[in-house]
Student: 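Below is one structure. I have some questions about it.
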Amino acid sequence: MTNHWNDLQHTDCALIIGANPAENHPISFRWLTKAKENGGKIVSVDPRFTRTSSQADVYAALRSGTDIPFVGGMINYAIENNLIHKEYVAKYTNAAFIVKEGYDFKDGLFSGYDEAKRAYDKTKWGIETTEDGKPVKDETLEHPRSVFQLMKKHYSRYDVKTVTTVTGTPEEDYLKVCKTFCETGKVGKAGTILYAMGTTQHTVGSQNVRIYAILQLLLGNIGLPGGGINAMRGESNVQGSTDFGLLFDNLTGYLGAPKASVPEHATLKGYLEKETPKTGYWSNKPKFVVSLLKSWYGANATKDNEFGYQFLPKGNKNYSHMNLFNAMSKGELDGAFLFGTNPIVGGPNAGKEKEALGNLKWMVAIDLWETETSAFWQKEAGSDPSKINTEVFLLPASSSFEKEGSISNSSRWMQYRWKAIDSRGEARPDLDIIHEFALKLKKLYANSPKSADKPFLALDWNYGNGEEPDIDLVAKEINGYDLKTGKLIANFGALLDDGTTSCGNWIYSGFYPEEGKNKSKNRDNKDTGGEHYLNWSYAWPMNRRILYNRASADASGQPWSKEKAVIWWDAAQKKWVGKDVPDFKAVTAPTEPGGTGAFMMNKDGVALLFAPTLNDGPFPEHYEPYESPIPNAFSAQEMNPATVIFEENFNKRGFKVDYPIVATTYRVSEHWQSGTMTRNQEWLSELAGHMFIEMSEELAKEIGIKNKDKVIVSSARGEIKAYAMVTKRYKPFTVRGKKVHQIGMPWHFGFKGFATGDTANRLTPHIGDANTMIPEYKAFLCNVRRAD
Ligand SMILES: Nc1nc2c(c(=O)[nH]1)N[C@H]1C(S)=C(S)[C@@H](COP(=O)(O)OP(=O)(O)OC[C@H]3O[C@@H](n4cnc5c(=O)[nH]c(N)nc54)[C@H](O)[C@@H]3O)O[C@H]1N2
Ligand SMILES: Nc1nc2c(c(=O)[nH]1)N[C@H]1C(S)=C(S)[C@@H](COP(=O)(O)OP(=O)(O)OC[C@H]3O[C@@H](n4cnc5c(=O)[nH]c(N)nc54)[C@H](O)[C@@H]3O)O[C@H]1N2
Ligand SMILES: [Mo]
């Protein structure tokens with residue numbers, strides 16, 4: 001989230017698209033209800049009328065997989081009707097930059113495309129610069145090769161007629177959404193976009209998020225209270241996990257992992273030179289990287305050994321979920337540790353993922369329960385145990401109530417939690433399990449002469465001598481130390497790149513600035529101004545609650561409006577002051593160089609309407625999902641041209657002749673995720689006890705199905721049984737003149753626990769986004785027939 005949960009109360013309009021927070025993030029509605037009481041509006045855009053839609057002032061349906069046309073059309077509408085915040089756009093985005101001649105866009109493809117590699121040469125998308133490397137600008141935004149004009153031209157193709165025939169949205173509803181939300185382009189108003197998995201789980205997932213950001217920038221909505229672009233995170237600590245390097249291509253704190261395929265990455269010096277921008281806040285990257293290496297390798301990280309840089313693995317492969325399972329299915333992995341994950345219910349094309357597990361020699365599952373995954377070899381899983389040689393170990397884990405430590409929520413707040421009860425039986429906290437494991441392995445490998453074992457032996461594993469790790473030492477390591485004095489550092493501003501500081505995660509540095517002052521434990525709920533509650537827990541970075549809040553003030557440093565003031569330049573005190581921690585150098589005056597660089601993390605201090613960094617193009621463009629009921633109306637490119645396609649035996653593809661119905665998957669309040677936590681609970685199992693699919697009355701009539709009938713849903717990957725829930729919440733779409741049906745289903749079911757049912761993911765494909773590889777769980781093709 002750029003903003004935070006409480007801040008939702010300040011919005012004039014919340015566009016909820018690709019999410020169903022009334023069901024999945026219910027606390028958000030506490031604040032959205034307040035916003036409504038203050039006169040704010042709620043807009044819900046979802047293929048089906050959800051619990052969120054029922055609370056909305058405006059609802060519009062769209063066919064799954066068509067967010068880019070939907071929002072692209074809003075961009076066109078805002079520009080055509082002069083609703084954008086032009087001064088904000090000219091000053092705070094790269095709208096005024098001139099794009100070099102190499103950039104072009106024709107029939108769905110940007111310049112630089114290599115069909116054989118399914119990849120772009122991004123150097124074709126450059127920006128004109130002056131001799132000293134500064135971007136060439138035209139602040140009138142009139143230059144035909146300015147980002148603004150190129151963008152305007154790109155989205156002029158997204159007119160209301162074309163958009164609505166693709167999305168299937170009734171035109172009247174579509175225009176209501178455009179009008180209601182684009183009103184927030186006015187000075188004094190702020191609109192927010194709330195999104196989650198309906199947005200990201202697509203082959204164009206990253207570009208879906210990008211296009212929301214472009215719309216928000218055009219309306220001048222980023223950096224303001226009640227504004228922003230707010231990703232509602234999933235698992236309670238998924239924000240923390242990604243912050244701490246859970247993603248395969250990141251080191252902790254969003255520092256890119258080195259790769260063997262990049263020659264410069266062979267040395268620390270080369271890596272830092274290549275990956276550090278000359279300007280913008282990321283120019284401090286070497287301080288973060290070297291301090292991270294010091295925290296990992298301690299005294300074993302010296303100037304002479306590049307601070308242990310060579311201990312880091314430099315892989316070339318993509319180790320995201322689908323690639324790991326692909327490797328497993330080819331027998332390339334010996335073993336796997338599964339810490340709190342249940343992929344044969346939650347993974348895409350789950351039937352194939354179950355088969356792949358049988359190729360492991362061993363598997364260690366660390367969970368509260370025996371899940372479908374750790375029981376994959378059993379008869380109830382449909383497996384033949386005599387044919388599976390995988391040795392499975394199940395280690396019981398303590399639940400969240402049985403351990404202490406911090407978790408980070410969507411607002412980027414790191415909040416400490418204290419233990420409520422002791423663990424039962426042999427269950428232990430994950431941290432203890434890892435700690436004991438590390439200590440035992442260190443002993444086992446202590447005298448190993450192998451170079452492959454060196455990195456592990458070099459690890460500075462210093463969390464006390466007890467069987468249980470000292471969690472306070474973990475927390476302090478995250479904050480960081482001045483190694484000369486041995487004292488905790490005040491924040492990441494104190495980090496150095498000479499090996500004299502250490503820091504386990506630079507973005508959090510500052511939460512534990514002194515002995516005894518762990519700010520994640522702060523629970524002072526008095527308002528400090530603007531309802532930002534700065535003394536409640538700790539928000540990264542630097543305890544700021546609204547990111548990019550410099551953009552809430554104009555170029556001269558004064559708030560665009562009184563209503564939406566956050567920080568401003570105080571000429572008398574010569575610093576930025578206000579209700580939040582400035583997301584800006586507090587003493588840089590608006591008139592000084594860089595004084596208007598509201599997006600200081602970026603190289604030129606501006607937000608990117610044109611982003612030459614993504615794998616699938618600098619502007620979001622519509623492509624149909626991997627499996628689609630209709631040809632692409634915008635170009636001859638049917639699917640995202642930069643997406644990786646796995647071999648057929650790992651990923652059978654269905655076509656509309658056999659599978660004419662669009663399907664999507666989603667969540668219900670009564671269940672949690674792959675269901676382990678809720679299907680082992682009698683009450684929740686009783687509330688939502690069976691696998692079902694939702695379908696429209698029209699579809700039910702066409703195929704002769706009544707409410708509660710048993711049906712079989714099939715896709716190119718498999719078949720499942722479910723009960724039919726015939727509902728008015730789905731309506732057939734009219735797409736390019738043809739009737740298209742869509743169905744939806746929860747993905748919570750499996751064969752274990754009290755409430756059992758077939759797993760939706762036996763239907764979903766192994767295909768992902770061109771940048772992140774998140775699976776396309778939200779749009780695929782299927783067919784439905786009566787079960788008996
Ligand atoms: N009760 C409960 N709460 C949860 C969870 C849970 O399992 N149970 N899971 C948590 C986790 S890990 C996560 S990630 C979040 C997920 O939170 P959400 O993203 O809200 O979850 P979903 O229900 O999967 O999807 C949201 C909506 O996207 C819609 N949708 C489908 N296709 C499209 C599309 O192409 N475009 C648009 N605009 N919308 C589409 C679906 O109809 C659905 O209503 O929820 C968290 N909260
Ligand atoms: N079709 C479809 N599939 C989806 C999605 C979708 O929208 N549609 N959503 C995707 C999303 S957003 C997500 S996040 C993934 C989630 O996929 P998974 O992470 O595989 O599924 P979960 O059910 O969240 O698994 C969590 C497991 O952790 C265990 N657990 C709980 N607390 C602890 C603990 O403290 N320690 C340990 N060791 N274990 C614990 C639980 O018992 C449970 O078995 O699923 C994805 N799958
Ligand atoms: Mo999630």
Side-chain angles (χ1 to χ4, degrees), residues 16-26 28 44-53 60-68 70-71 167 194-202 204-205 208 231-238 241 321 338-348 350 365-374 395-403 405 410 427-431 433 625 662-680 684 694 729-730 742 744-748 750 752 759-764 774-780:
I16 305 175
I17 179 166
N20 181 12
E23 190 114 30
N24 302 320
H25 297 91
S28 68
S44 158
V45 179
D46 199 294
R48 115 200 113 104
F49 191 85
T50 64
R51 282 175 170 165
T52 299
S53 316
L62 86 174
R63 168 174 62 98
S64 265
T66 62
D67 288 68
I68 290 175
F70 196 97
V71 182
T167 61
L194 296 172
Y195 77 89
M197 294 302 120
T199 299
T200 53
Q201 293 173 341
H202 293 282
V204 293
N208 276 344
M232 294 173 286
R233 310 298 311 252
E235 306 263 11
S236 64
N237 193 32
V238 71
S241 320
H321 179 97
L338 303 173
F339 267 98
T341 178
N342 186 10
I344 77 164
V345 176
I366 299 129
D367 205 292
L368 276 49
W369 282 277
E370 181 183 56
T371 65
E372 281 80 1
T373 300
S374 45
L395 305 184
S398 307
S399 73
S400 55
F401 320 109
E402 297 167 327
K403 56 192 176 195
S410 305
R428 295 181 61 190
D430 296 271
L431 185 63
I433 295 174
V662 176
T664 197
T665 56
Y666 45 75
R667 296 158 164 79
V668 297
S669 276
E670 295 79 358
H671 282 295
W672 183 259
Q673 301 285 87
S674 72
T676 323
M677 312 266 296
T678 47
R679 288 186 283 104
N680 280 306
L684 292 169
E694 285 186 75
R729 289 189 291 268
Y730 264 119
Q742 178 163 344
M745 64 194 92
W747 64 276
H748 302 295
K752 289 234 147 221
T759 297
N761 273 322
R762 298 227 305 266
L763 304 173
T764 52
I774 191 173
E776 190 155 64
Y777 289 120
K778 286 286 188 273
F780 55 95

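All ligand and atom numbering here is 1-based and tracks the order in the structure.
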Student: Is it the case that more than 12 heavy atoms not belonging to F339 sit under 6.0 Å from its CZ atom?
Tutor: yes
Student: What's the separation between atom OH in Y730 and atom CG in D46, rounded to the nearest 0.5 Å?
Tutor: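 Answer for the OH-CG pair, Y730 versus D46, is 7.5 Å.
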Student: W369 versus ligand 2: do any nitrogen or oxygen atoms come within less than 3.5 Å of each other?
Tutor: no
Student: Less than 3.5 Å apart, any donor N or O on the side chain of S64 or Q742 sitting next to an acceptor on the other?
Tutor: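 Q742 and S64 do have a side-chain donor-acceptor pair below 3.5 Å.
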Student: Let me confirm one number: the OG1-CG distance from T199 to D67, rounded to the nearest 0.5 Å.
Tutor: 5.5 Å
Student: What pairs with E402 under salt bridge (Lys or Arg N to Asp or Glu O under 4.0 Å), at least two apart in sequence or on another chain?
Tutor: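 E402 satisfies salt bridge (Lys or Arg N to Asp or Glu O under 4.0 Å) with no other residue.
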Student: Taking NZ, NE, NH1 and NH2 as the nitrogens, is one of them in R667 or E23 under 4.0 Å from a carboxylate oxygen of the other?
Tutor: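 Between E23 and R667 there is no salt bridge, as every charged N stays at least 4.0 Å from the carboxylate O atoms.
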Student: Apply salt bridge (Lys or Arg N to Asp or Glu O under 4.0 Å) to R762 and list each qualifying residue two or more places apart in sequence or on a separate chain.
Tutor: none
Student: Within the 4.0 Å heavy-atom shell around K403, which atoms of ligand 2 are there?
Tutor: 34 (C), 35 (O), 36 (N)
Student: To the nearest 0.5 Å, tell me how far F780 CZ sits from Q201 CD.
Tutor: 11.0 Å
Student: Test of understanding: with salt bridge (Lys or Arg N to Asp or Glu O under 4.0 Å), list the residues that count as partners of K778, not counting sequence neighbours.
Tutor: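 K778 satisfies salt bridge (Lys or Arg N to Asp or Glu O under 4.0 Å) with no other residue.
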Student: Any donor and acceptor pair, going by atom type alone, linking the side chain of H202 with main-chain N or O of E776 inside 3.5 Å?
Tutor: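 Not confirmed, H202 side chain does not pair with E776 backbone.
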Student: Would you check whether P348 reaches within less than 4.0 Å of ligand 2, judged by its heavy atoms?
Tutor: no
Student: Please list, in number order, the atoms of ligand 2 under 4.0 Å from a heavy atom of A397.
Tutor: 36 (N), 37 (C), 38 (N)
Student: Could you tell me whether N761 approaches ligand 2 through its side chain, its backbone, both or neither, with non-hydrogen atoms closer than 4.0 Å?
Tutor: side chain
Student: Kindly tell me which protein residues have any non-hydrogen atom under 4.0 angstrom away from an atom of ligand 1, grouped by chain and ordered by number?
Tutor: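 If the criterion is a heavy atom under 4.0 Å, then ligand 1 touches I17, G18, A19, N20, E23, N24, H25, V45, D46, P47, R48, T50, L62, S64, G65, D67, A196, M197, G198, H202, G234, E235, T664, Y666, R667, V668, S669, H671, W672, Q673, H748, K778.
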Student: Going by the order shown, which atoms of ligand 2 are within less than 4.0 Å of some heavy atom of S398?
Tutor: 34 (C), 35 (O)
Student: May I ask you to check if ligand 2 and T371 share an N or O to N or O distance below 3.5 Å?
Tutor: no
Student: Hey, does S399 come in under 3.5 Å of ligand 2, counting only N/O atoms on both sides?
Tutor: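 For ligand 2, there is no N or O atom that lies under 3.5 Å from one belonging to S399.
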Student: Under 4.0 Å from a heavy atom of I366: which atoms of ligand 2 are those, numbered in the order shown and with their elements?
Tutor: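 In order of number, 37 (C), 38 (N), 39 (N).
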Student: So if I count the atoms of ligand 2 from 1 in the order they appear, which ones are less than 4.0 Å from some heavy atom of T676?
Tutor: 42 (O), 43 (C), 44 (O)
Student: Between S44 and S53, does any side-chain donor sit less than 3.5 Å from a side-chain acceptor?
Tutor: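 Present: a donor and an acceptor within the cut-off.
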